[in-house]
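In what follows, every heavy atom counts, from backbone to side chain, and hydrogens, waters and symmetry copies are set aside.
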Amino acid sequence: MRKAIFIQFIRVLLAALLLNSIIFYIASSSRMLKTARKDMLYTLETLDCILDYQGDLNKQVKQMESVIGKNQSRLTLILSDGKVAADTGVDASGMDNHLAREEVVEAIKTGKGHAARYSHTLKKTMLYVAFRSSHQDLILRLGVPFLGLREYITLLLPAAWLSFAIAVFVSLGAADRLVSSVTKPILQLAHEMKKVHGSAMDLEITPCPYEEINLIGKTAAEMSVRLKQYVEQLEKERTIRQEFFSNASHELKTPLTSIQGYAELLEQNNIKDDTIKQDFICRIKKEAVHMTSLINDILMISRLEANEIKESPTTVDLQKLLSEILITLEPLTKELEITISVNCPPVTIEAIPQQMHQLCLNLLTNAVKYNHPGGRVQVNVHKAQKNIVLTVQDNGAGIPKEAQERIFERFYRVDKSRSRKQGGTGLGLSIVKHIVNHAQGTIELTSAPGKGSCFTITLPIRTSQIPKA
């Protein structure tokens, strides 16, 4: 990069110097031409005043030849018809008619004229200035060799080369400092980015004078932070997966062990009491039902995550749905002496009935199971703009703050010993969270130990707000 910037800088510098030289040459030549014309015109005006037009003009002009002809200049007096009356260079009688000369034509029209052209007689470029006499009907013309700036090029060339060398030397120094000021922060940024590996992802970006490089550094730092968060998320998900497989294996192994034990006892035919046999069969059936429920819950979470729900949303009457769930939970509420109060006006929502049933059932079941005898559960439903808000609040054990972030993870249990006694698959709140996410809703939890918990679910009323599977 450093070499490329230097090469590009030298190219720009050379182009700038060349352009500057061309502009200087054109401007100087134009200025010199304008000055020469002005001086020559002044000379002609002076000659017009000192010439004796009543005397011999040819003789007077010849007398000026020693002065005017020193630098090969020529003074020509031209009559109004174009004939040459006198000339310092040659015999006027043998000269061509000058009426068509550009400077003469212009002088006749405006009083003065000028032209520059190559003289085949003198073999050089001449500058001609013509002036119409104020005292006589004729044109005075003065011609001088004119090379413009080329005449001084040999004098200016050493100075030009010296100024060029100084400009290049100073520019290279400035370019070196400029390139260093650009490449140094980039190299520092590259050095910092090389540090990004493993868990070390914090970049120390030093600001520089260039906003664009600062922007790159800022972006790199933000990417480093996002990458760190992503790696932490991956690590968290890896831990969750490990816990899931461990918990799933344990949850499946426990009923399988029970089924295997009861089946072996029945197989040995040592139990003669039919009542005990029937009890063992009921226990085997209960454990099989528990396994089936566990597998169904795992499959439901998997389908929700993969967005593979094939059922189409229909209109669900929440008041009717909650009434059916209360009937289902009635044996459990009586056993635990829990009171459930429902405040739900006649409202409907477009959703998958099975999902809504599972969502409400899991929330109410948890509120009942993890409550204390004589506890209360309050269910409220109301509309909020284009959403339905469902609140399930209990005054039970509550959830510690450190456990609230993980409460929706699969198989996560706040109190494992108590959770085992309460039964269930340990996937209830995880299913609730996945159903809410699938419906593009939100779920909020407020809880404190000993004061109970409150789950607030917000769901869109219309399925037009929900992506189809």
For [X], does the [atom1] atom sit with more than 12 other heavy atoms under 6.0 Å from it, leaving out its own atoms?
| X | atom1 | result |
| --- | --- | --- |
| Q319 | CD | yes |
| R37 | CZ | yes |
| Q385 | CD | no |

Checking K369 against L332 for the side chain to side chain contact (heavy atoms under 4.5 Å, CB included) test, could you report, in this order, the C-alpha distance in whole Å, the side-chain angles of both residues, the deciding distance, and whether it holds? CA-CA 8 Å; K369 282 185 177 181; L332 183 62; 4.1 Å; yes
Salt bridge or not for E103 and R117, using N-O below 4.0 Å?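 Result for this pair is yes, salt bridge flagged.
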Check ion pair E287-R283 (N to O, under 4.0 angstrom):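 Result for this pair is no, no salt bridge flagged.
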Provide the full list of side-chain hydrogen bond (donor to acceptor under 3.5 Å, both in side chains) pairs with a residue in residues 105-116, sequence neighbours left out, each pair given once.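 The answer is none; no pair qualifies.
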As a test of understanding, state which of I435, L459, T314 forms a side-chain contact (heavy atoms from CB on, under 4.5 Å) with M356.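 So, applying the side-chain contact (heavy atoms from CB on, under 4.5 Å) to M356 and each of I435, L459, T314, only L459 qualifies.
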Might you work through the side chain to side chain contact (heavy atoms under 4.5 Å, CB included) test for C360 and L322, ending with a clear yes or no? CA-CA 7 Å; C360 295; L322 290 172; 4.2 Å; yes
Report the distance from atom [atom1] of [X] to atom [atom2] of [Y], rounding to the nearest 0.5 Å.
| X | Y | atom1 | atom2 | answer |
| --- | --- | --- | --- | --- |
| L364 | I338 | CG | CD1 | 12.0 Å |
| I340 | D394 | CD1 | CG | 10.5 Å |
| I407 | N366 | CD1 | CG | 8.0 Å |
| R31 | T35 | CZ | OG1 | 4.5 Å |
| F131 | M40 | CZ | CE | 13.5 Å |
| L266 | I276 | CG | CD1 | 10.5 Å |

[X] side chain to [Y] main-chain N or O, any donor-acceptor pair under 3.5 Å?
| X | Y | value |
| --- | --- | --- |
| S30 | A27 | no |
| N362 | Q358 | yes |
| Q404 | S447 | yes |
| R132 | I108 | yes |
| H438 | H434 | no |
| N343 | N380 | no |

Check against side chain to side chain contact (heavy atoms under 4.5 Å, CB included), L361 and L329: CA-CA 9 Å; L361 179 62; L329 293 176; 4.1 Å; yes
With a 4.5 Å heavy-atom cut-off, do [X] and [Y] have their side chains touching?
| X | Y | result |
| --- | --- | --- |
| Q378 | T391 | no |
| I457 | I388 | no |
| L390 | L359 | yes |

Side chain to side chain contact (heavy atoms under 4.5 Å, CB included) between L336 and N371, worked out: CA-CA 8 Å; L336 300 177; N371 213 321; over 6 Å; no
Minimum heavy-atom separation for [X] to [Y], with atom names?
| X | Y | result |
| --- | --- | --- |
| L127 | A116 | CD1-CB, 4.2 Å |
| L318 | V381 | CD1-CG1, 4.0 Å |
| A367 | V392 | CB-CG1, 4.1 Å |
| A107 | A130 | CB-CB, 3.8 Å |
| P460 | N387 | CA-OD1, 3.4 Å |
| S453 | G398 | OG-CA, 3.6 Å |

Students often mix this up, so state it plainly: with edges at 30° and 60°, are the rings of F408 and F455 parallel, tilted or perpendicular?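 Perpendicular, since the angle between the ring planes exceeds 60°.
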